[in-house]
Amino acid sequence: MNMMTGTALLDVAILIMLFILALGIIRMRSLFAIVMMSGAYSLLSAAWFVVLDAVDVAFTEAAVGAGVSTVLMLGAMLLTSRRAKPTKKWLSLAPLAICLITGSVLIYATIDLPPFGDALSPANAYVGAEYLASVKGDIDVPNVVTAVLASYRGFDTLGEVVVVFTACMAVVLLLGFGERSLSASKRTPDGGKD
Amino acid sequence: MMIAVAVIALVMALILMLIRVLLGPSLYDRVLAVNSFGQKTVLLLGLLGFFMGRPDFLDLAILYALINFVATIAILKFVRYRSFQVTLVKRPAPEKEV
């Protein structure tokens, strides 16, 4: 079996599984099962990023999507009920229309994109080639993405870190991983059964 | 060739786990299936590096294993204690300590 077709087949298999998981998340009513399935969804999509050779994105997706956000969603569930209320059918028509329109516009936009791995595309030709050539002399970091993020765009990344830290503090304060959430959870009488 | 067969077998196992996640009648079936799904993903990642001829990213699989473990512990702790604040060791309940 050729390796390219093998990778393409793997892409298709993972995408089908992601689609089925997403359908399951939509159909499910128990919030607990939804949180767990979204964790599985993030892990699988991170594996898909690895297949696509985007290892940095996969790292972030695994750490944030599967690890932290599962715990945060569970913490948020402590403060609310455990089942989603069924919505009326006609209420979801407008979001459906928005999703369909946005999706078709995005698919239409992909027609203009250069082919996958094109060396002459604007993203690869001018600035990218420049960075690839000068990273070796400027900063002695083997990974070019890390060099750009941590050194060329160092101040930008510092700002991002401050924003993320502030957001984390706000979330922890809101969810209250402390006495408050403990007493709130003791008031709810139902046990661990679903 | 062996690696390709192993990848195909893992994808089959992933599909089986997916069916159990979707159908699983009780909550614990789902927890177990999601955990096993994560383990299969870790194995798939480990194989993928060799399948694509670049086994440099094996440490990603280790990170995934750690994250999967943390998520499962968090879920089970939530089910048992309904709070993250309770330390597993200090609790006087006759549970096995983790």
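Across every non-hydrogen atom of A:Ala58 and A:Phe49, the tightest pair is CB-CB, 3.7 Å. The shortest non-hydrogen separation linking B:Val42 to B:Ala61 is CG1-O, 3.5 Å.
Between A:Met17 and B:Val11 there is a side-chain heavy-atom pair separated by less than 4.5 Å.
With a 4.5 Å cut-off on non-hydrogen atoms, A:Val35 does not touch chain B at all. Looking at A:Ala13, the atoms closer than 4.5 Å to chain B (heavy atoms on both sides) all sit in the side chain, from C-beta outward. Contacts between B:Leu48 and chain A at a heavy-atom distance below 4.5 Å involve the side chain alone, from C-beta outward.
For the set B:Thr41, B:Asn68, B:Leu66, the entry with the most heavy-atom pairs within less than 4.5 Å of chain A is B:Thr41.
Checked against A:Val12 for a side chain to side chain contact (heavy atoms under 4.5 Å, CB included), the options A:Leu15, A:Leu10, A:Ile16 give a single hit: A:Ile16.
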